[in-house]
There are 2 protein chains.
Amino acid sequence: MTTLWIIEDNISFSHMIRTALNQSDWCKCEHEFTNVADALKLLSMGKSPDVILTDINLPGMNGIDGIKAIKSIVKEIEIIVLTVFDDNEKLFDAICNGANGYLLKNSSPDEILDAIKIVVDGGSSINAGLARKVFNIFSAMKQTENTYGLTKRETEILNYLVDGKTVNEIAKITFTSPQTVQTHIKNIYHKVHVNSRGGLVSKALKEGLVPKGVFTKN
Amino acid sequence: MTTLWIIEDNISFSHMIRTALNQSDWCKCEHEFTNVADALKLLSMGKSPDVILTDINLPGMNGIDGIKAIKSIVKEIEIIVLTVFDDNEKLFDAICNGANGYLLKNSSPDEILDAIKIVVDGGSSINAGLARKVFNIFSAMKQTENTYGLTKRETEILNYLVDGKTVNEIAKITFTSPQTVQTHIKNIYHKVHVNSRGGLVSKALKEGLVPKGVFTKN
DNA sequence: TTGAAAATACCAAGAATAGGGTATTTTTAT
DNA sequence: ATAAAAATACCCTATTCTTGGTATTTTCAA
């Protein structure tokens with residue numbers, strides 16, 4: 001039996017969902033809350049469900065911050081966002097904060113039940129349309145491929161600069177003279193069109209001239 | 001009628017898929033290729049399908065680079081990756097390069113047909129397990145929330161530093177003296193534990209002390 | 001209203017950087 | 001084999017940065 005809590009300030013909508021979900025023989029909605037704080041209170045008293053279905057637009061703490069707050073108390077809870085918002089920012093923030101599913105409010109009870117099953121089975125639930133948005137967010141943050149024609153050595157030195165290393169430190173690392181490093185940096189500045197260390201590091205990171213180390217394996 | 005190309009070096013597997021998909025009354029596989037180059041050749045001759053199903057591990061150009069190459073010729077083609085790899089890096093790279101679907105090779109013909117239908121309908125196709133991985137990649141790149149106790153003014157100045165501005169420029173912008181700015185920077189250095197401009201900018205961007213402007217609305 | 005925190009401002013000196021040169025040696029690709 | 005590109009190295013100077021101080025005024029929360 002999968003236990004469920006709902007956080008939703010529209011009580012009639014909440015009741016409707018609860019009634020529909022409780023029709024199933026494997027999912028039981030134990031509590032309904034109209035705000036995050038009440039749910040947190042019960043969580044910190046040691047109670048917790050398998051899954052929480054939460055709205056985003058809520059009185060007091062919003063649902064996005066709610067995800068974070070909930071997870072900080074019980075990390076294992078699967079959280080599914082149920083909202084009318086389908087903009088990139090909400091979607092992005094919800095997922096970043098640890099949501100495991102994202103449903104729109106026009107979803108049918110069956111779709112909601114499917115989503116609950118998916119997250120308890122270790123998957124994440126998102127429909128094809130929203131998945132496209134997620135995919136687009138990813139490809140939008142793709143590195144710009146812009147190398148400004150930096151050579152191998154220049155790229156290597158750029159990496160050290162981004163690490164905050166000084167000219168002398170880099171000279172020691174590369175077994176060259178500080179003057180050589182200085183010359184390389186000078187050439188990098190010209191190629192990248194910057195005139196300060198901070199500007200270079202910033203551009204290098206923002207435009208993906210150096211690896212950012214985004215994720216972990218598997 | 002949805003037209004399809006397959007890029008897959010395992011010819012018997014490719015044939016099998018083609019035969020299965022052609023059973024449907026709405027999807028027709030027009031061509032099979034064993035490498036990306038052959039597909040690109042036909043694309044540059046003006047031919048193009050609605051959807052391309054591609055492997056990743058291919059002789060010559062790999063499927064990930066293939067996506068980029070294909071999209072650079074015909075941007076509108078929907079590309080679905082069909083591979084045995086389920087690691088984060090391949091998944092991430094494929095999506096970043098513009099894949100609109102990601103299927104594992106153990107998918108059934110029906111699942112592949114579903115995926116094709118989804119992408120031509122403007123969605124993206126990914127199963128719940130892989131979706132969880134995508135979600136996790138997102139949450140892994142979440143900002144660290146670490147502000148190092150920077151004050152409002154310090155954060156403001158940090159933003160200017162990340163923009164590559166000098167002390168004097170910042171002083172003019174903030175209508176304060178260069179000495180004041182210098183003092184703020186000194187304090188920032190102590191709080192953030194760095195001792196160079198490059199190191200500060202790097203840490204600020206990598207740890208999300210300043211906004212990175214990741215995505216676009218909707 | 002009354003401390004504490006934040007923001008302001010200045011001094012000074014050694015270190016490092018930015019930007020302008022020039023020039024030789026190595027690599028690399030044709 | 002040879003020309004072009006890359007890497008190496010040095011000089012010089014004005015500017016900027018880093019880091020240690022001290023000290024006054026504002027702001028803000030208890």
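Numbered from 1 within each chain, the chains take letters A, B, ... in sequence-line order.
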Residue pair A:Lys105 / A:Asp55, side-chain heavy-atom distance below 4.5 Å
yes
Stepwise salt bridge (charged side-chain N to carboxylate O under 4.0 Å, His left out) test for B:Glu156 and B:Arg153:
CA-CA 5 Å; B:Glu156 184 193 351; B:Arg153 195 57 147 175; 2.8 Å; yes
Is it true that B:Arg18 and B:Glu8 have a side-chain N and a carboxylate O under 4.0 angstrom from each other?
no
Would you tabulate the pairs of protein nitrogen or oxygen atoms and nucleotide nitrogen or oxygen atoms of nucleotides 7-10 of chain D closer than 3.5 angstrom?
{"unit_1": "D:dA7", "atom_1": "OP1", "unit_2": "A:Arg153", "atom_2": "N", "d": "3.0"}
{"unit_1": "D:dA7", "atom_1": "OP2", "unit_2": "A:Thr151", "atom_2": "OG1", "d": "2.1"}
{"unit_1": "D:dT8", "atom_1": "OP1", "unit_2": "A:Arg153", "atom_2": "NE", "d": "3.3"}
{"unit_1": "D:dT8", "atom_1": "OP1", "unit_2": "A:Arg153", "atom_2": "NH2", "d": "2.8"}
{"unit_1": "D:dT8", "atom_1": "OP2", "unit_2": "A:Arg153", "atom_2": "NE", "d": "2.7"}
{"unit_1": "D:dT8", "atom_1": "OP2", "unit_2": "A:His184", "atom_2": "NE2", "d": "3.0"}
{"unit_1": "D:dA9", "atom_1": "OP2", "unit_2": "A:Ser177", "atom_2": "N", "d": "2.8"}
{"unit_1": "D:dA9", "atom_1": "OP2", "unit_2": "A:Thr180", "atom_2": "OG1", "d": "3.0"}
{"unit_1": "D:dA9", "atom_1": "O5'", "unit_2": "A:Thr180", "atom_2": "OG1", "d": "3.3"}
{"unit_1": "D:dC10", "atom_1": "OP2", "unit_2": "A:Ser177", "atom_2": "OG", "d": "3.3"}
{"unit_1": "D:dC10", "atom_1": "OP2", "unit_2": "A:Gln179", "atom_2": "OE1", "d": "3.1"}
{"unit_1": "D:dC10", "atom_1": "N4", "unit_2": "A:Thr183", "atom_2": "OG1", "d": "2.9"}

Roughly how far, to the nearest 0.5 Å, is the CG atom of A:Leu21 from the SG atom of A:Cys29?
7.0 Å
Taken to the nearest whole Å, CG/B:Asn168 to P/C:dA18 is 15 Å
Would you mind reading off the distance between A:Gln182 atom CD and C:dA18 atom P, rounded to a whole angstrom?
7 Å
Tell me whether B:Glu78 is salt-bridged to A:Arg132, with the criterion being a basic N under 4.0 Å from an acidic carboxylate O.
yes
Given atom CG of A:Asn195 and atom P of C:dG20, what is their separation to the nearest angstrom?
10 Å
Could you give the NE2-to-P distance, from A:His190 to D:dA6, as a whole number of Å?
16 Å
Looking at B:Lys191, I'd like to know if its NZ atom is crowded, meaning that more than 12 non-hydrogen atoms belonging to other residues, nucleotides or ligands lie closer than 6.0 Å.
yes
Rounded to whole Å, the CZ-C1' distance (B:Arg197 to D:dT19) equals 13 Å
With a cut-off of less than 4.0 Å, is there a side-chain N or O of A:Tyr189 near OP1 or OP2 of C:dG19?
no
Nearest-angstrom distance from the residue atom NZ of A:Lys191 to P of D:dA6
6 Å
To the nearest Å, give me how far apart NE2 (A:His193) and C1' (C:dG19) are.
16 Å
Its dot-bracket string being built from Watson-Crick and G-U pairs below 3.5 Å, with | for another strand and [ ] for crossing, DNA chain D has the pattern .||||||||||||||||||||||||||||.
Here the distance between atom C1' of D:dC17 and atom CG of A:Leu161, to the nearest Å, is 15 Å
OH of B:Tyr148 to NZ of B:Lys203, rounded to nearest 0.5 Å, is 4.0 Å
A side-chain contact here means heavy atoms from C-beta on lying under 4.5 Å apart; do A:Ile80 and A:Thr54 qualify?
no
CG of A:Leu43 to CG of A:Asp38: how many Å apart, nearest 0.5 Å?
11.0 Å
